[in-house]
Amino acid sequence: MEALNALGGFFTSIGGLVADPINLLVLFGAVVMGIIFGATPGLTATLGVALLTTLTYGMNQSTAMIALLAIYVGGVYGGSYASILINIPGTAAAAATALDGYPIAMRGEGGRALGLTTTASAIGTIIGMIFVVSLSPLISELALQFTSFEFFLLAFFGIIISGTLTSPDLVYKGWIAGFLGLFLAMVGRDALQFYPRFTFGNSQLDGGLEVVPVLIGAFGIPQIIQVLKDKFVPKQAAKLDRIVPDFKTIGRNFKHIIRSALIGVGIGAVPGIGEDIAGWVSYGTAKNASKTPEQFGKGSYEAVVSTETANNACIGGAMIPLLSLGVPGSPPAAMLLGALMLHGVAPGPMLRIDHPGFIGEISAILLLASIAMWIAGMLLAKQVVKVLRIPPAIFMPIIAVLAVIGSYALGTKVFNLYLMVPVGIIAYFLTEMGYPIAPLVIGVILGPMADQNLRRGLMISGGSFAPIFTRPVALILFLVIVFTIVSQLPFYKRWMGDLRSRVAERRQARSSSGANKPE
Amino acid sequence: MMEKKQLRKADFVTSILLILFGIWELAQSFQMPMRDTYGGVRNVWYVSPALMPLVIGFGVIILGAVLMINSIRTGGAADFIKSVQSFSLKISDSGVRFIGTLLAIGTFVYLLIPRVDFFMSIVFFLSFFIPAFAFDSGEDLKKLMVFYGGVCLIMVILFITPAADALNALFMFATDVLILIATIGLNIYAARLAKGDDTKRSRFRTGLIVAIVTPLVLTPVFRFFLLVPLPHEGGIVQLMQIIYYSLR
């Protein structure tokens, strides 16, 4: 009965949203803007969500969510344009798509490839949406049983796992980034005793660092510096024929779509891990499962369909921990968290109680955004491709202006700008030196949750850490954190290496003794 | 991202900075109330505001030390010492572009936005930022940086001395007029640099249009539709206000 009620609420939400022409206008406008952001190398879905957040300030909550989710969906999908047509991923999420998308375009089938990625992305988003609507309430229900220790460990787990999985160089660089993010979150008066921490007597810092300017600085400024410093030159795009949805190929690859969607949702649900990892994992899995793995890298449709389904399904996955636990599943979701707080919505276990129907509304928006993305992709692809010809030296300065005014407009504080620039420069140097930015951002967002819940938990237990070992969820989280850290230590890696070689030796010995046995 | 060898070299410097940062952070944390009374509340260690900062400080020091050990083991520290011995001040082309980007963003945020009319500050900023990189010439970038940097330096002197206030008292929006003159000068200079090169001329034209259209769209959107009070509303924004309210 509850499921039917939820379904009813879901369709009511769709009806309510579609009935308002302004919503439809915002939906299509934001999707197209997202596609442009995704398609343009140097701009990302996260940056799109960050910059649009400011413009949604004056909108009502539903319209704002439509705008932000639509640009997110469009941005993740739009990355495939540059991957397929110029062999440069528009976003990191579409990096795996370039491996096979570009060879397809080189065969003169760019339109067919884009048609496939458009349909696959739409299906991926819809499958992700199904998981949001079905899993989020269950996880919220479970999370209502969480005490302060579980929330502390959850926040810490988010930072550690994000650091472990997103680090392009040494794993502990991800953890360092997470700790730096946690430090930034400590600036300002603490919520329990109102004591000013690291404010240097500056009253502007009393309220802490505002999340949105920090995020815009961390994602926007490094992007601008990198593109202009490295002198990115736009390449000649491959010729684009008619965009066709090619449902036959989609039907033939249906099992790849389902598997990739599940991978996307699963990876999206892990805190801080973005669409790029979903794309690569899905690519690898599709190659291993394929009957024609030799075709991968030479223009395989299976590959393109798999990566694009996974990265868009990741959106739904990333929304699950965001809505049910208040922990963002990906960098754009972290930006969405900032936007939600701006609109007076505090995601987490209490969301279903404070804002009943909100999860249904988000799912409805995801469905509408995927439909709008499909329509816009089919109709406007040829026009959107023209943005690939604009030199970055023209649009990057505009992005700089938007980043500055975006950071200022939310709190109308020039001080936010003064903070955004150093955060951006530090983030740029960190990126150059192989530190991932996602854990830093996750640290900034989850820092207050970790701090307050640790102290609150200890206050209740009288300074004892025993509840961590007596409460099952807390114990599991604690063990996962310990295992994640220990598994990266050299002694563990050596031990695992020895174990693997011993097992291999035994197997070899067994098989050779079996072969030597007289028949 | 840097190459592997460069990364290990950078790791050595970063590890030192991280350890120093961790020590500073711990020193700050130990000054926070741990046992004594704060705001009428008697503290115990586990509710102290220092608890999480202490965890972070120790974490950063430990991870910084691990990074340092790895850098020493992999030869990063030795490479760093060698590079210090053969240090030269020659800045590469990408280094100049990096400085140019920082110059543009830094002056825009710290100098122009808080003190100059919002519209004019964007036009001036874009008039430098777009041609400087769109011309795709290291020499032009350096020349434009010198021109733009010079104007910014004059503006800094004006604003840190009572000169700007005196000028504005003499006639309204004097600093905005100065920026307007500087913008025109900057554009004439950029046009001269683009002379004789069709690609540069076309990019200069596009840049000029973008530099004017961007604030022309953004200013009304933020000021009149989103009702955001702009950081500095000078002559042009006030003119826009007069037009907007006379049309309403």
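- We find the OH-CG distance between Tyr172(A) and Leu67(B) to be 5.5 Å, quoted to the nearest 0.5 Å.
- Val401(A) touches chain B through backbone and side chain together, each having a heavy atom under 4.5 Å away.
- Between Asp197(B) and Arg201(B) there is no salt bridge, since none of the side-chain N atoms of the basic residue sits less than 4.0 Å from a carboxylate O of the acidic one.
- Arg8(B) approaches Leu170(A) most closely through the heavy-atom pair NH2-CD1, 3.5 Å.
- Using a 4.5 Å cut-off between heavy atoms, Leu51(B) touches chain A through its side chain atoms alone.
- Neither the backbone nor the side chain of Pro222(A) comes within contact range of chain B, judged by heavy atoms closer than 4.5 Å.
- One side chain, Thr107(B) or Tyr148(B), offers a donor N or O that lies under 3.5 Å from an acceptor on the other.
- Looking at Glu25(B), the atoms closer than 4.5 Å to chain A (heavy atoms on both sides) sit in the backbone and in the side chain alike.
- If you measure heavy-atom distances from Phe135(B) to chain A, you find no contacts under 4.5 Å at all.
- Residue Lys413(A) does not touch chain B at all, counting heavy-atom pairs closer than 4.5 Å.
- When heavy atoms are compared at a cutoff of 4.5 Å, Val96(B) does not approach chain A at all.
- Classification of the Phe21(B)-Phe183(A) ring pair by plane angle, with boundaries at 30° and 60°, yields perpendicular.
- Counting heavy-atom pairs under 4.5 Å between each of Phe179(A), Trp175(A), Phe429(A) and chain B puts Phe179(A) at the top.
- For chain A, the nearby part of Phe222(B) is the side chain; its heavy atoms alone come within less than 4.5 Å.
- With chain B as partner, the option from Leu402(A), Ile221(A), Ile225(A), Ile425(A) having the largest number of non-hydrogen pairs under 4.5 angstrom is Ile225(A).
- Side-chain N or O atoms of Asp169(A) include none that pairs as donor or acceptor with a backbone N or O of Gly434(A) at under 3.5 Å.
- Heavy atoms of Val210(B) lying under 4.5 Å from chain A belong exclusively to its side chain.
- Residues Phe133(B) and Ala393(A) share a closest heavy-atom pair of C-CB, 3.6 Å.
- Neither the backbone nor the side chain of Ile99(B) has a heavy atom closer than 4.5 Å to any heavy atom of chain A.
- Minimum heavy-atom separation, Val237(B) to Phe119(B): CG2-N, 4.2 Å.
- With chain A as the partner, the residue from Ala134(B), Pro215(B), Pro53(B), Ala10(B) showing the most heavy-atom pairs under 4.5 Å is Pro53(B).
- For Tyr408(A), the part sitting under 4.5 Å from any heavy atom of chain B is the side chain, from C-beta outward, and nothing else.
- Judged by distance alone, the side chain of Ser121(B) and the main-chain N or O of Phe118(B) form a donor-acceptor pair under 3.5 Å.
- Among Val47(B), Thr101(B), Thr14(B), Thr206(B), the residue making the largest number of heavy-atom pairs under 4.5 Å with chain A is Val47(B).
- Only the backbone of Thr431(A) comes within less than 4.5 Å of a heavy atom of chain B; no side-chain atom from C-beta onward does.
- Between Phe80(B) atom CZ and Asp11(B) atom CG the span is 12.0 Å, to the nearest 0.5 Å.
- Looking at Phe415(A), neither its backbone nor its side chain comes within 4.5 Å of chain B, counting heavy atoms on both sides.
- The contact between Leu126(B) and chain A is made entirely by side chain atoms (from C-beta outward), counting heavy-atom distances below 4.5 Å.
- If you measure heavy-atom distances from Ile62(B) to chain A, you find no contacts under 4.5 Å at all.
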Problem set entry | Candidate pair Phe128(B) and Phe124(B), rule ring-ring contact (aromatic ring centres under 6.0 Å, His included), full reasoning | CA-CA 7 Å; Phe128(B) 161 68; Phe124(B) 183 55; 8.2 Å; no
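- With a 4.5 Å cut-off on non-hydrogen atoms, Ile56(B) touches chain A through its backbone and its side chain both.
- Heavy atoms of Leu430(A) lying under 4.5 Å from chain B are absent altogether.
- Contact check on Arg97(B) versus Asp136(B) returns no salt bridge, with no Lys/Arg side-chain nitrogen under 4.0 Å from an Asp/Glu carboxylate oxygen.
- Comparing Val404(A), Thr412(A), Val414(A) by how many heavy-atom pairs each has under 4.5 Å with chain B, the most go to Val404(A).
- Heavy atoms only, all atoms of each residue included: Ser83(B) and Lys9(B) are closest at CB-NZ, 3.7 Å.
- Between Gly174(A) and Pro439(A), the closest heavy-atom pair is O-CB, 3.5 Å.
- In the model, Asn416(A) has no side-chain atom that pairs as donor or acceptor with a side-chain atom of Ser407(A) under 3.5 Å.
- Heavy atoms of Ile394(A) lying under 4.5 Å from chain B belong to its backbone as well as its side chain.
- Only the side chain of Met186(A) has a heavy atom closer than 4.5 Å to any heavy atom of chain B.
- Heavy atoms closer than 4.5 Å to chain A are found in both the backbone and the side chain of Ser94(B).
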